[in-house]
2 protein chains.
Amino acid sequence: MENDIEPGKEITISWLQQGAEVCKESIAGVRDGLYVLKGKWKLRLIVALAGGPLRFKDIQRSVGEISSKILAKELKELELNEFVERKEYPTSPVTITYQLTPYSQSIDKVMHELIVWGIKHRERIVASRKK
Amino acid sequence: MENDIEPGKEITISWLQQGAEVCKESIAGVRDGLYVLKGKWKLRLIVALAGGPLRFKDIQRSVGEISSKILAKELKELELNEFVERKEYPTSPVTITYQLTPYSQSIDKVMHELIVWGIKHRERIVASRKK
DNA sequence: CGGAATCCCAAAAGATACTG
DNA sequence: CAGTATCTTTTGGGATTCCG
């Protein structure tokens with residue numbers, strides 16, 4: 001019996017137990033959600049800006065060694081996703097600041113779940129490697 | 001007044017409003033969480049396996065055009081994260097199946113939040129592009 | 001200062017062939 | 001069938017230079 005090919009306990013993935021259409025939409029939703037946080041820098045930029053508006057150079061200094069090219073790209077993506085707002089002030093020379101939008105808070109719940117799960121998960125995996 | 005450099009509304013990122021230590025741990029948690037779902041295929045593999053155990057070739061057929069090299073790698077990562085279990089049956093030739101573990105359900109809450117947020121987010125962004 | 005342009009490198013993904 | 005080995009392509013990130 002041991003070696004029969006058993007079906008195994010049925011695992012129910014709650015977010016998949018729906019019609020094919022809903023399921024597809026869900027996957028697209030997850031992908032879009034993950035995309036916003038993707039890359040090496042997005043989280044760190046959010047952290048950096050959480051303290052208030054910063055200028056380009058100040059962000060660079062704040063997060064450490066990020067090249068201007070990458071920073072410009074990441075900021076643009078955050079802007080497109082409406083997490084960050086770019087503001088120009090007509091000083092001379094012009095001053096530009098970046099700041100988090102109120103909308104950026106909308107992801108807080110996701111982040112919270114992700115943090116809770118991620119921390120527990122690492123503990124679990126680290127523990128099981130030690131055995 | 002319009003053009004003064006104002007501090008802007010203060011944005012509170014709840015998952016960052018903690019001591020530096022907790023905050024660091026949180027970011028690590030997020031990174032670990034994101035890592036598990038990372039890559040082009042992980043989600044699709046989970047979906048494929050949600051229907052029950054599958055063999056290597058069957059997974060390949062199920063998810064479409066994934067090369068065996070990538071599939072092997074992704075499955076290994078899912079195994080390391082204890083999302084997937086690999087089983088060998090001493091048939092001749094040997095039969096190998098992959099199936100989701102009960103532990104894989106632990107991420108359901110995260111996924112749910114991510115789906116809800118991700119779908120709304122896309123709607124928002126798509127709408128704002130049309131304007 | 002706030003970038004854009006160019007070139008470069010490493011990692012990830014993919015195609016293809018091959019093996020026990 | 002269940003992968004591994006090898007090679008090519010693509011992507012992401014980075015260094016440097018330059019410009020308004």
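Computed from a predicted model, the values in this text were never measured in an experiment. Throughout, a chain's letter reflects where its sequence line sits, starting with A, and its residues are numbered from 1.
Looking at heavy atoms from C-beta onward, Ile107(B) lies in side-chain contact with Phe83(B) at the 4.5 angstrom threshold.
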Checklist line | Base versus backbone protein contacts along nucleotides 13-20 of chain C [heavy-atom cut-off under 4.0 Å; B, S, -] | finding: BBB-B---

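Between dG3(C) and Arg55(A), no contact under 4.0 Å exists linking OP1 or OP2 to a side-chain N or O. For Arg61(B), no side-chain nitrogen or oxygen approaches OP1 or OP2 of dA2(D) to under 4.0 Å. The shortest distance between the side-chain N/O atoms of Tyr98(B) and the OP1/OP2 oxygens of dG3(D) is below 4.0 Å.
Scanning for side-chain contact (heavy atoms from CB on, under 4.5 Å) contacts around Ile119(A) gives Ile115(A), Glu123(A), Glu25(B), with sequence neighbours left out.
In this structure, Leu43(A) atom CG and dG13(D) atom P are separated by 12 Å, rounded to whole Å. A straight line from CG of Leu45(B) to C1' of dA2(D) spans 15 Å, rounded to a whole angstrom. Leu54(A) places its CG atom 14 Å from the C1' atom of dC1(C), with the value rounded to the nearest Å. One atom, CG of Leu71(B), and another, P of dA5(D), lie 16 Å apart when rounded to the nearest Å. Remark: P of dG3(C) and CD of Gln60(A) are 10 Å apart, rounded to the nearest angstrom. Between the CG atom of Leu75(B) and the P atom of dC1(D) there is a distance of 16 Å, given to the nearest Å. One can place OH of Tyr89(A) at 18 Å from P of dC1(C), the figure rounded to the nearest angstrom.
In this structure, His121(A) has its ring center at least 6.0 angstrom away from the ring center of Tyr35(B).
Closest heavy-atom contact between Ala48(B) and Leu54(B): O-CD1, 3.6 Å.
Using a 4.0 Å cut-off between a side-chain N of Lys or Arg and a carboxylate O of Asp or Glu, Lys76(A) and Glu74(A) do not qualify as a salt bridge.
A cation-pi arrangement is present between Arg124(A) and Tyr103(B) under the rule of less than 6.0 angstrom and at most 45 degrees off the ring axis.
For the side-chain contact (heavy atoms from CB on, under 4.5 Å) criterion with Trp117(A), the lone passing option out of Val36(B), Asp108(B), Asp32(B) is Val36(B).
Counting non-hydrogen atoms of neighbouring residues, nucleotides and ligands closer than 6.0 angstrom, the CD atom of Gln17(B) exceeds 12 such neighbours.
Where the helix from dC1(C)-dG20(D) to dG20(C)-dC1(D) starts and where it ends, the local axes point in directions that differ by 30°; five pairs per end, rounded to 10°.
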Next item on the list: Decide yes or no on side chain to side chain donor-acceptor pair (under 3.5 Å) for Glu82(B) and Ser128(A), but give the supporting numbers first.
Entry: CA-CA 10 Å; Glu82(B) 298 180 27; Ser128(A) 81; 2.9 Å; yes

